[in-house]
Each structure stands twice: as structure tokens, then as C-alpha cells.
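Order of the sequence lines sets the chain letters (A, B, ...), proteins ahead of strands, with each chain counted from 1.
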Amino acid sequence: MSSQSVIEISNLAKTYGSGLEALKPINLEIRKGEIFALLGPNGAGKTTLIGIVCGIVTPSAGTAKVEGYDVVRDARAARYRIGLVPQELTVDMFETVWATVNFSRGLFGCPPNPEYVEKVLRDLSLWEKRADKIMSLSGGMKRRVLIAKALSHEPSVLFLDEPSAGVDVQLRRDMWQTVRRLRESGVTIVLTTHYIEEAEDMADRIAVISKGELIVVEDKATLMQKLGNKRLSLQLLEPLSALPAELSEWNLGLAAEGMQLHYSFEAGESPSALSEFLARIRELGIGFTDLDTHEKSLEEIFVSLVGDKQ
Amino acid sequence: MSQPQATPTRTLRFNRHGVWAIYKFELARALRTIWQSLATPVITTSLYFVVFCAAIGSRMPSDTGVSYGAFILPGLMMLSLLTQSISNASFGIYLPKFTGTIYEILSAPVSPLEIIVAYVGAAATKSVVVGVVILATAAAFMPIEVLHPIWMVSFLLLTAITFSLFGFIIGLWAKNFEQLQFIPMLVITPLTFLGGAFYSIDMLPSVWRTVTLFNPVVYLISGFRWSFYGTADIAIQTSLAITMAIFALALAVIVWIFKTGYRLKS
Ligand SMILES: Nc1ncnc2c1ncn2[C@@H]1O[C@H](COP(=O)(O)OP(=O)(O)OP(=O)(O)O)[C@@H](O)[C@H]1O
Ligand SMILES: [Mg+2]
């Protein structure tokens, strides 16, 4: 494995006590200093995967290492390095912001450092609220508190499990600002999200997980390219019942009961690809009434990936 | 943010900052309700003294050589110590399970041993404070003498720690608040009332005395009373041995629970 990897996951699997196979054997490597986005529908196994690496869920098989430390056998060494922002808003309602963040710092074995905690709170715009009881904060503020707790012990890997759920646009922007700053300081960030544009904006690499299986792990740019980031749609004169064999060399799909022909291609692939395709269509005598091209978003890629699997 | 770096503490064998954080957190939780926590034992103790000593005590035979008030004081302290230790420790670990904040403890670099030391230490501290408050309240009603103060403190600590361990186990095991209340209410209180807190077991008919000897609380109370007055229903060595045995049992159960994956993780 490369010296650049921070998290190494090999053949990691989880079957819950109920018999549910939440994670099929997974192999994954997360690199130092990257923002890694984990996408997948509800129940795909994202939280389970994060839970295992953070020591909350016991793996059924396989191993996970953080900076070379096995999360089960060298649990202590691995955990010092990890900060976790959980999916659920679980905070001690009766504590003050200041007390709870300092509690987290101590829990993770760090000596008190008020200056550092102050800096974390200021970065998250929580400093004014430091003496407030957590129950008096809004939901978005509570999520910031969870982030502050996760950063309190200066982790080198930060897990954010759906950090933008229930968070307004302003806070989301602030949060991503913070995440980028953290990345610049060398912190590796693993996040899950259901907002695909967020992954598109933020992530360096993307993994798609569905029904406990990793469907794809790819650089964001490569992923968008590989799956064809442009699409030509032809509105046909007459429906096609199947794709003509003569067109097998192109990446095609039929929709709208055979009335639409989709051709996925890459913008920079070959300048003449589009005209060659259209020439071939004419040769085959396939008539069409309308055409348009369209840039695929990550969301469409995601939906098609997960759809294929089902 | 500053560049994260491995500080020397990250290689320490014992996470003392972590233990201290949990311990402080637990005491802070008690301090938030300090008046309820302390008012209850003070009022209950006063009531016991008024009812048992003034109203009933004068009719109790006092062949133990001490006044009835003095006789029941160690039992009252034990009663509070047992129930407080169990409820403090069981709530301490049950609450984060209930609210979900346990995720942080589970993901932190604290070992099961450190978690136990922190929670049990905090629970035992709180119940010892309550015990001392009861002693002070009793001092308002009568002069207090302690013949073997070192033994008294030892029994106090050992019992507080032992039953905080049991409380911790109950908190781990409980799936709802009813289960949490169940053991203190249905097991500990009867065992204490029938354990010679309010009477000398010598006063019982011999059949019942034999039955009573199966009640472990009898030995705790008897030993504790001996440390006050130098007299007891049961030989001090026996009391001490049984107290230690209960402590060992609590430890063994905890070790077993953690060895077999301790109902906190899925
Ligand atoms: N403690 C548990 N016991 C039994 N099954 C569980 C447990 N936790 C999760 N599961 C199941 O495992 C599967 C994966 O759950 P997980 O929480 O990892 O999904 P997720 O990808 O995080 O979903 P979401 O997007 O909804 O957060 C689900 O089917 C879920 O019901
Ligand atoms: Mg989840």
C-alpha cells in the first residue's frame, strides 16, 4: 500500500446480530489529506463503515487501519487520531458548549488547552455561545458543537456523517470553508452526504456504496469522465424495439418506450465522434425529430450507478 | 487550524485525562442537582431518627449496649450507601446509552478499565459524600463515637465501590428505565431492611436467623456496625471476608461482561 494512505480497509465486513449483512467484504484506501465522499442511498452501509473505523461497531471480518494502527488491535493508537461527527444530533443537553468541548478533548487523552479550544469555537462561530447550555441552541448550532467536539483533540482524520443534514445554506458554506481549511492543514476528511452537488463541489475522490457493496471508487474528475459526462438525446420518428447491432460500438441507451435514443460521450473524447455517430444514424435510416445535448451531473451518474445495481 | 501532531500523551498507557474528564462530568451532573441529592438523605435520616428512635426506639430492648439511635445509624448509612451507589452508577452509564452520547465514549481512546474506574469512581464518591452527610445529620441528634475509624472508612469505601460496580453492571444491562429502578427497589431495599439495619439478628427466632445469614447485606451492616461500636452480630473476620467476596464477585462479573463484548456495541 502506498505510504500516502491514511486509512486502509481490507475485506471489511459487517453482519449485525439481526443477521442483516450491512457491509459485504470491502477494500478501500483513503489517502492522506484528501476529502473523500461516501455516497449511497439510505441503508447502504455508510454509517456502518464509519462506525467500524471509529470503534463503535465491531467488524465481523476483515481489518481497518488508521495511520497503520489496526482499529481493533491497536484501538487506542488508532482512536487518538480520529474525530467523528455522528449522523444523529447526540449532545449532552445540560452541558455548556465550553464544558462539552473540553470534555471531548480530555476524553481523547489531551491535556487542557484553552487557546486551542477557543480557536476551534471561533472558527465555527460558536465563541459567543460558549457559556450557553446546549439545549438552548438551534439544531444547526448543535451540529457545529458536534464538529467542535470532534476537532477538540486535533485529529488527523475527521469523519463527517451527513454534516449538512438540517443545516442552512449559510452554515453549510461556513462548514465547507472550515473543512477546506482543515484539509489545507493536512487533515484527511471522510464525509457522507445525500447532497450530490456537495460531493461534486468538495470531494477529491468519491465512493458509491449500495447495499453494502462498493460500486465505484474514483477520482471525482475521472468518475465524471469515465461515465460519459455528456449526452446526446435524439427524439425518434419511429420507436426502436432494440438497439441496432450496427451501433454497438457506441455507448447508447433507449428511453421513452424506444422513442428516445441516448448517446453518452465525453466532451474531449474525439472531436469527430459526434458527427460520425450522426452520419451512421443517417446511413441506417433512423429518422429523428429533435436532438439536444446535455451535460450529466454527478447526481445522474449516481442514480444510474445505483439503479444498475438494483 | 494548527497542524495536528502526536503529542507525548498519545503514547501513554493510561488515559488519565480521559478518566478525569468522565469523572468530572459525572460529578458536575450531581452538582447540578446538589440540593435534591443531599436533601433526600438528610430528610430521610432525620425522619428515621424521629420515628424509630423517639417513637419506637424506647420500646426496643437495648442489650447491645448502645442507644437505639446509635444502633441503627450504621444500618441507615449502609442502606443509603447501597441504594445511592447502585442508582448513581447505573444512571451514569445508562444515560449516555439512552441519549446516544455513548458514541463518543465508545470512539474515544479509553479502555473498558478506564471507563469503569471513571464511572464507578464518580458514583462511589457521590455515595460516600451522602454517607458522610448522614453521619453529620445523625450527629445533630446524638453524640457519635467511632471505635475503629480506619475500619469504618474501609468498609465505607469498599461497599461504595462494590455496589457502584453492581450499579454499573445494571446500567449496562438495563434496556429501559423500569429495569434500572427494578433492582434497587426490589432487591436492595428489602435485603437491607431484612439485613439487620433496624434490629439485631439475635432477636430473631433461630429459623429466621439462619435464613437471614444468606442475606449478604447482613455482613456488610454487621461489619460496619462493629467498626463503630466494637460489637456485632457476626464475627468481624466473617463480615470482612464476605464483603471482600462480594467485591470480587462484582469485579468478576464486570470482567466477564467486557470479555464477552459488553452490550454497548453492535
Ligand atoms: N445496530 C444495528 N443493528 C441491526 N441493523 C443495523 C444496525 N445499524 C444499522 N443497521 C442496518 O444496517 C444497514 C446499513 O445501515 P447504515 O446506518 O450503515 O446505512 P447508511 O448508509 O448510513 O444509511 P443512511 O443514509 O440512512 O444514514 C441498514 O439496513 C440498517 O437497517
Ligand atoms: Mg448513515
Worksheet item: With only heavy atoms counted, which part of Ile56(A) is less than 4.5 Å from chain B, the side chain, the backbone, both or neither?
Response: both
Fill in: Within 6.0 angstrom of Phe182(B) CZ, more than 12 heavy atoms from elsewhere
no
Worksheet item: In terms of heavy-atom pairs under 4.5 Å with chain B, which of Gly17(A), Ala75(A), Ser104(A), Ala150(A) leads?
Response: Ser104(A)
Fill in: Whether Asn15(B) side chain and Phe108(A) backbone form a donor-acceptor pair below 3.5 Å
no
Worksheet item: Would you say Trp127(A) has more than 12 foreign heavy atoms packed within less than 6.0 Å of its CH2?
Response: yes
Practice prompt. Go through the atoms of Arg32(B) and report whether side chain, backbone, both or neither lie under 4.5 Å from a heavy atom of chain A.
Written response: side chain
Discussion item. I need the residue from Gly51(A), Gly106(A), Pro112(A), Ala78(A) with the largest number of non-hydrogen atom pairs under 4.5 Å to chain B.
Written reply: Gly106(A)
Fill in: From Phe103(A) atom CZ to Thr101(B) atom OG1, the distance as rounded to the nearest 0.5 Å
8.0 Å
Practice prompt. Have a look at Glu104(B) and tell me which of Leu107(A), Val91(A), Leu84(A) forms a side chain to side chain contact (heavy atoms under 4.5 Å, CB included) with it.
Written response: Leu107(A)
Item to complete: Taking atom CE of Met135(A) as the centre, report whether more than 12 heavy atoms of other residues, nucleotides or ligands fall under 6.0 Å from it.
Response: yes
Discussion item. Quick check on the interface: out of Gly100(B), Ser107(B), Ala28(B), who has the most heavy-atom pairs with chain A under 4.5 Å?
Written reply: Ser107(B)
Worksheet item: Rounded to the nearest 0.5 Å, how far does OH of Tyr103(B) lie from CG of Leu146(A)?
Response: 5.0 Å
Item to complete: Could you tell me which portion of Phe94(A) (side chain, backbone, both or neither) has an atom closer than 4.5 angstrom to a non-hydrogen atom of chain B?
Response: both
Worksheet entry | Nearest atoms (heavy-atom pairs only) where Arg76(A) meets Phe14(B) | NH1-C, 4.2 Å
Discussion item. Need one label for Ile50(A): side chain, backbone, both or neither, based on atoms under 4.5 Å from any heavy atom in chain B.
Written reply: neither
Worksheet item: Would you say His17(B) and Pro111(A) make side-chain contact, with heavy atoms under 4.5 Å?
Response: yes
Item to complete: Please check if atom CG in Leu31(B) has more than 12 non-hydrogen atoms from other residues, nucleotides or ligands closer than 6.0 Å.
Response: yes
Item to complete: State whether the number of non-hydrogen atoms from other residues, nucleotides or ligands found under 6.0 Å of Lys133(A) atom NZ is greater than 12.
Response: no
